[in-house]
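A short worksheet on the structure shown next.
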There are 2 protein chains.
Amino acid sequence: MDTAEELAELLRVLSNPVRLKILALCLEERSSKEIREILGLSKPLFISHMKKLLNSGLISCKVKRLDGKAVKYYKTVNFEICCSTEILKDILEEIYL
Amino acid sequence: MDTAEELAELLRVLSNPVRLKILALCLEERSSKEIREILGLSKPLFISHMKKLLNSGLISCKVKRLDGKAVKYYKTVNFEICCSTEILKDILEEIYL
DNA sequence: CCTATGGGTAAATTTTTGTTTACCCAAATA
DNA sequence: TATTTGGGTAAACAAAAATTTACCCATAGG
């Protein structure tokens with residue numbers, strides 16, 4: 001059961017082109033470096049977007065050791081988030097609770 | 001066919017609790033006054049949110065004359081906007097175009 | 001030791017949203 | 001005429017997001 005606030009927050013995470021592209025790239029597991037290079041993102045910017053995706057559970061992270069270095073790999077979780085007139089009915093009830 | 005930018009823009013319109021509530025209230029046709037009173041919105045704020053909803057085509061507007069005054073009525077359009085791993089495949093192609 | 005790479009953070013800045021305040025116009029009505 | 005009601009705008013302000021700059025730590029390799 002979604003409140004308007006919860007649904008809005010999830011949609012907000014998805015409502016950014018950079019994050020959508022990160023999610024698309026991570027349909028297959030990818031390293032930070034790959035993602036950053038393909039999308040041309042600075043390190044702090046990449047991390048900031050990634051935090052939002054991780055917090056919302058849309059992406060998962062795995063650490064692998066390569067040459068003694070801890071390298072992070074990301075993979076988009078299987079999801080389907082819909083906003084429809086059907087779902088608005090729940091929000092309507094919430095207004096009158 | 002959605003680009004990341006187009007999809008993000010539509011999701012951005014939906015990613016606000018006030019706008020979700022307006023959409024929910026307008027599952028049945030309602031006047032500006034009703035909406036504003038129920039949600040406690042100032043006139044300019046209401047108009048600003050409504051512009052975004054109208055521009056994105058999520059809501060429709062009809063003008064009725066009452067006592068010589070032009071009163072606006074809104075109704076949420078039937079819609080279903082999904083963001084899923086399936087849709088991300090289109091965005092992935094876009095990245096490599 | 002120095003430099004490169006991988007993973008960070010904190011703070012400042014810019015840009016975008018959301019919201020309020022102060023106005024305007026037209027029509028009805030007391 | 002004055003006031004109310006419906007619809008509206010422009011500009012200021014506040015708050016949140018996106019982005020950059022400047023740093024930090026650890027490890028590997030020249």
Side-chain angles (χ1 to χ4, degrees), chain A residues 3-23 25-26 29-56 58-75 83, chain B residues 3-23 25-26 29-56 58-75 83:
Chain A
T3 68
E5 278 73 17
E6 287 168 344
L7 179 55
E9 195 176 325
L10 194 47
L11 293 171
R12 214 189 59 245
V13 174
L14 291 170
S15 72
N16 178 290
V18 174
R19 285 194 289 273
L20 287 178
K21 288 174 187 172
I22 292 176
L23 288 171
L25 284 173
C26 296
E29 187 173 76
R30 282 180 197 273
S31 70
S32 313
K33 196 189 173 190
E34 277 182 286
I35 303 166
R36 284 184 43 205
E37 282 180 350
I38 294 171
L39 298 181
L41 301 175
S42 70
K43 210 189 304 177
L45 184 51
F46 168 76
I47 291 173
S48 137
H49 281 305
M50 218 33 132
K51 271 183 186 170
K52 294 177 188 182
L53 291 171
L54 289 166
N55 285 340
S56 61
L58 291 168
I59 220 166
S60 67
C61 178
K62 188 190 293 181
V63 180
K64 295 183 184 176
R65 294 230 146 238
L66 288 185
D67 306 325
K69 304 228 169 96
V71 180
K72 292 196 167 179
Y73 285 82
Y74 298 92
K75 175 115 181 44
C83 184
Chain B
T3 69
E5 278 72 16
E6 288 168 343
L7 179 55
E9 194 176 325
L10 193 48
L11 292 171
R12 214 190 57 246
V13 174
L14 290 170
S15 71
N16 177 290
V18 174
R19 286 194 288 274
L20 286 177
K21 287 175 187 173
I22 293 176
L23 288 171
L25 284 172
C26 296
E29 189 173 74
R30 283 180 197 274
S31 69
S32 313
K33 196 188 174 191
E34 277 182 285
I35 303 166
R36 283 183 44 205
E37 283 180 350
I38 293 171
L39 298 180
L41 302 174
S42 70
K43 208 190 304 175
L45 185 51
F46 169 76
I47 290 173
S48 138
H49 281 305
M50 219 31 134
K51 273 183 184 170
K52 296 178 187 181
L53 292 170
L54 289 166
N55 284 341
S56 61
L58 291 168
I59 220 166
S60 67
C61 178
K62 189 190 292 180
V63 180
K64 295 184 184 175
R65 294 230 147 239
L66 288 185
D67 306 324
K69 305 228 169 94
V71 180
K72 293 196 167 181
Y73 285 82
Y74 298 93
K75 175 113 180 48
C83 184

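Numbered from 1 within each chain, the chains take letters A, B, ... in sequence-line order.
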Atom [atom1] of [X] and atom [atom2] of [N]: how far apart are they, to the nearest Å?
X       : N      : atom1 : atom2 : answer
B:Ile22 : C:dG18 : CD1   : P     : 11 Å
B:Glu37 : D:dG7  : CD    : P     : 11 Å
A:Lys51 : C:dG7  : NZ    : C1'   : 12 Å
A:Glu5  : C:dG18 : CD    : P     : 13 Å
B:Met50 : D:dT9  : CE    : C1'   : 18 Å
A:Phe46 : D:dA18 : CZ    : P     : 15 Å
A:Lys33 : C:dG8  : NZ    : P     : 16 Å
B:Arg36 : C:dT20 : CZ    : P     : 11 Å

Under 4.0 Å from OP1 or OP2 of [N]: is there any side-chain N or O of [X] that close?
X       : N      : answer
B:Ser48 : C:dT19 : no
B:His49 : C:dT19 : yes
A:Arg12 : D:dA16 : no
B:Asn16 : C:dT17 : no
B:Lys52 : C:dT17 : no

Closest heavy-atom pair and its distance - [X], [Y]:
X       : Y       : answer
A:Cys83 : A:Leu7  : SG-CD2, 4.3 Å
A:Ser42 : A:Arg36 : C-NE, 4.0 Å
A:Cys61 : A:Leu54 : CB-CD2, 4.0 Å
A:Glu34 : A:Glu29 : OE1-O, 4.4 Å
A:Ser32 : A:Tyr74 : OG-CE1, 3.3 Å
A:Pro17 : B:Ala4  : O-CB, 4.1 Å

Just to be sure I understand the geometry, which residues of residues 62-73 of chain B put a non-hydrogen atom under 4.0 Å away from DNA chain C?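 Those residues whose heavy atoms fall under 4.0 Å from DNA chain C, taken from residues 62-73 of chain B in numerical order, are B:Asp67, B:Gly68, B:Lys69.
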Should we count NZ of B:Lys75 as having more than 12 external heavy atoms under 6.0 Å?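 Correct, the count exceeds 12.
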Short question: side chain of [X], backbone of [Y] - any donor-acceptor pair under 3.5 Å?
X       : Y       : answer
B:Asp67 : B:Lys69 : no
A:Ser56 : A:Lys52 : yes
B:Arg19 : B:Val13 : yes

Can you identify which nucleotide, out of D:dG7, C:dG7, C:dG18, has its nearest atom closest to the B:Ser32 side chain?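 The listed nucleotide nearest to B:Ser32's side chain is D:dG7.
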Identify, between B:Ser15 and A:Ile47, the residue whose nearest nucleotide on DNA chain C lies closer to the 5' end.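 Comparing both residues, the 5'-ward one is A:Ile47.
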List the protein contact pattern of nucleotides 20-25 of chain D with one symbol per nucleotide (5' to 3'): B for base contact, S for sugar-phosphate-only contact, - for none; contact means a heavy-atom distance under 4.0 Å. BBB---
